[in-house]
Structure formats: structure tokens, C-alpha cells
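One structure is given below, encoded as C-alpha cells.
Please read all numbers here as calculations on a predicted model, not as lab measurements. Atoms within each ligand, like the ligands themselves, are counted from 1 in listed order.
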Amino acid sequence: MDRRELLAGLRALPMRNRIITALDVPTPAEAYDIAKRLGPDGRFVKVGLELFSATGPAIIAGLSALGKEIFLDLKYHDIPNTVASAARVAAQLGVAMCTVHAAAGRTAMTAAATALATAPPGPLGRRPALLAVTVLTSLSDPELHEVSPSPDQVQDRVDRLARLAWDCGCDGLVCSAADLSRLRAVVGNEPLVVTPGIRPRGGATDDQQRVATAGEAVAAGADYLVVGRPITRSADPGESLAALADELTAID
Ligand code: C5P
């Protein structure tokens with residue numbers, strides 16, 4: 001499936017169904033409990049390093065059996081052959097989206113994009129979208145310069161890696177709401193943008209430094225939102241998700 005067709009399909013869903021609940025929990029029991037309580041708006045869930053390390057691919061099959069689509073956020077960063085092979089396995093698991101570090105380089109990103117474009121359709125009937133992570137939002141300028149000295153500031157590097165990722169055939173980017181408007185100006189409207197750091201207005205920010213409401217993020221150009229604790233730590237995850245989804249329906 002080519003990139004244009006895949007992205008059109010992902011953008012055809014109503015905004016209220018484009019919230020990805022981050023299942024950042026250490027056991028399958030907790031993950032399934034939250035997934036079951038999400039209600040009809042909760043079509044997408046994120047499986048990250050913690051849950052995947054605890055469970056392996058069985059969690060993908062289990063959540064898929066509950067009707068969930070999976071954002072597998074393992075942020076591949078390795079040599080091209082390994083990154084491409086991992087992406088191919090993700091396609092066979094039937095995940096909707098997976099992630100690669102743009103810092104893995106042109107050859108690795110191109111290899112992953114090619115592996116996905118040529119993989120046989122998995123259980124979803126379409127290939128996963130490949131999303132690039134540019135610079136981790138947890139990295140400050142001094143810390144980035146410590147690992148990789150350069151006159152570039154973090155923002156310059158984000159912009160350069162975003163352009164490179166799109167050129168290499170990635171389908172989109174993971175990007176904070178704070179950087180979204182600038183990044184859209186750099187890469188245009190075609191790349192799919194998935195945005196974390198979402199909080200209800202006046203809600204706890206937890207350890208996130210820069211947050212936006214769901215409405216603000218979508219107005220700035222986000223296609224999908226990743227929301228963790230405001231949903232997963234709430235007494236009623238289904239109700240919390242529905243409240244965020246209502247905010248998006250208003251601007252759909
Ligand atoms: O609980 P909270 O809503 O802060 O969770 C946000 C989710 O988005 C977490 O799974 C986190 O790993 C992810 N994320 C992020 N910032 C990034 C990339 C991913 O918060 N830059």
C-alpha cells in the first residue's frame with residue numbers, strides 16, 4: 001500500500017477516534033483492564049517499551065482480539081538490516097503504527113520504509129505507518145550537545161531530521177504540540193503527525209513540561225493524539241476518554 005493511500009485511510013477516521021491511549025503499565029492484566037474500560041471511542045492503544053518488555057508480542061494479539069488498533073512505540077534505532085527486519089515483524093503482528101529514530105540515519109529509515117511497503121498485508125489488511133522520532137523531547141540543548149556536538153540547536157535538528165524522515169519514505173512524525181506549527185511549516189501538511197503531552201485544561205501536567213489540550217494540538221496540526229495518565233489513572237478511563245473525544249468532535 002503506498003503512502004498516500006495509507007495516510008488517506010488513517011485521516012478518514014473521525015477525530016474523536018484518533019486518541020491513542022498509552023498503556024504505560026507493567027503487566028498484561030492492567031493493560032487489558034484499561035483497554036476493556038475505554039469504551040467505543042477507544043479504538044487505538046499505545047504499547048511502549050515497558051509493556052512490550054513485560055509481555056512480548058502476545059500483548060499485540062490480545063489487544064487486537066479486543067478490537068484495538070496498536071501503536072507499537074519501540075523507537076527502533078539500530079543498523080539498517082535490524083531496523084528493517086523489526087519493522088517487517090511489526091507488520092506481521094498487525095500493528096497500525098510503529099516508530100523509528102530518525103538518528104538511525106537515511107539508510108536505516110529507507111530500509112524500514114521499503115520493508116513495510118513490500119511486506120505482505122498483515123492481519124489489519126494494511127501495513128503499519130512508520131513514524132519517525134526526531135529528537136527526544138526529554139533532551140535539552142546542553143544534553144544533546146554532550147552526546148553530539150554541533151552548532152545546531154534542538155529545533156534545527158528536529159527540522160532537519162523531520163525533512164530527512166519524510167524523504168526516506170517515513171509516513172509521519174511524533175511531535176510535541178509546542179513544535180507542531182513550526183514543524184508543519186517545515187514539512188507541510190502531508191506527513192502524519194502524532195502528538196503526545198495532552199492534558200485536559202487545568203489538569204495535572206505530571207512530568208510533562210509543555211502540554212496542550214486535545215483541541216489545541218489538533219488546531220496546530222496534529223492528526224492523532226497520544227494520551228496516557230489523564231485516561232489510564234482516571235477512576236473511569238472510558239468517561240475521561242469520551243470527554244477528550246467530545247472536545248475533538250466540536251472541531252471535526
Ligand atoms: O501519561 P502521558 O499522557 O504523559 O503519556 C504520554 C505518552 O506519550 C507516554 O507513553 C510517552 O512515552 C509518550 N511520549 C511523550 N513524549 C514524546 C514521545 C512520546 O510523552 N516526545
Side-chain angles (χ1 to χ4, degrees), residues 18-27 30-31 34-35 37-38 41-42 44-55 59-60 63 68-77 95-104 129-141 143-144 154-155 157-159 161-162 165 170 172-180 182-183 191-218 220-235 237 240-241 243-245 247-248:
R18 297 205 227 157
I19 296 171
I20 305 170
T21 301
L23 299 176
D24 294 324
V25 291
T27 64
E30 289 165 273
I34 296 166
R37 295 167 74 192
L38 287 182
D41 292 317
F44 286 84
V45 293
K46 176 187 132 165
V47 174
L49 285 170
E50 180 185 13
L51 184 57
F52 195 81
S53 299
T55 63
I59 195 76
I60 309 291
L63 290 167
K68 303 302 175 196
E69 294 201 33
I70 318 291
F71 172 26
L72 182 62
D73 188 18
L74 301 181
K75 298 187 178 71
Y76 303 138
H77 190 168
V95 305
M97 303 171 188
C98 60
T99 47
V100 60
H101 267 288
L130 182 64
L131 304 174
V133 176
T134 55
V135 177
L136 291 172
T137 45
S138 55
L139 281 181
S140 60
D141 274 312
E143 209 177 344
L144 184 63
V154 167
Q155 281 199 355
R157 198 172 307 204
V158 169
D159 295 352
L161 290 175
C170 291
L173 301 154
V174 180
C175 167
S176 79
D179 297 331
L180 245 172
R182 199 193 73 255
L183 206 71
L192 193 82
V193 172
V194 175
T195 299
I198 304 300
R199 291 294 178 273
R201 196 171 297 284
T205 55
D206 305 304
D207 57 350
Q208 296 282 15
Q209 301 296 320
R210 294 180 298 174
V211 298
T213 67
E216 286 165 349
V218 170
D223 292 296
Y224 279 75
L225 307 177
V226 179
V227 184
R229 289 159 289 183
I231 295 173
T232 58
R233 303 242 174 117
S234 118
S240 301
L241 175 61
L244 282 165
E247 201 183 319
L248 296 183

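- When each of Asp207, Asp24, Thr205 is paired with Arg229, the side chain to side chain donor-acceptor pair (under 3.5 Å) condition holds for Asp207 and for no other.
- Asp159 meets the salt bridge (charged side-chain N to carboxylate O under 4.0 Å, His left out) test with Arg182; sequence neighbours excluded.
- Near ligand 1, Ala22, Asp24, Lys46, Thr137, Pro196, Arg199, Gln208, Val226, Val227, Gly228, Arg229, Pro230 each place a heavy atom less than 4.0 angstrom from the ligand.
- Looking only at distances, no side-chain donor or acceptor of Thr99 sits under 3.5 Å from a matching main-chain atom of Leu131.
- At least one side-chain heavy atom of Arg199 sits under 4.5 Å from a side-chain heavy atom of Asp206.
- Thr134 is not listed as a side-chain neighbour of Arg157, based on a closest heavy-atom distance of 4.5 Å or more.
- Residues Val174 and Lys75 have side chains not in contact (no heavy-atom distance under 4.5 Å, counting atoms from C-beta outward).
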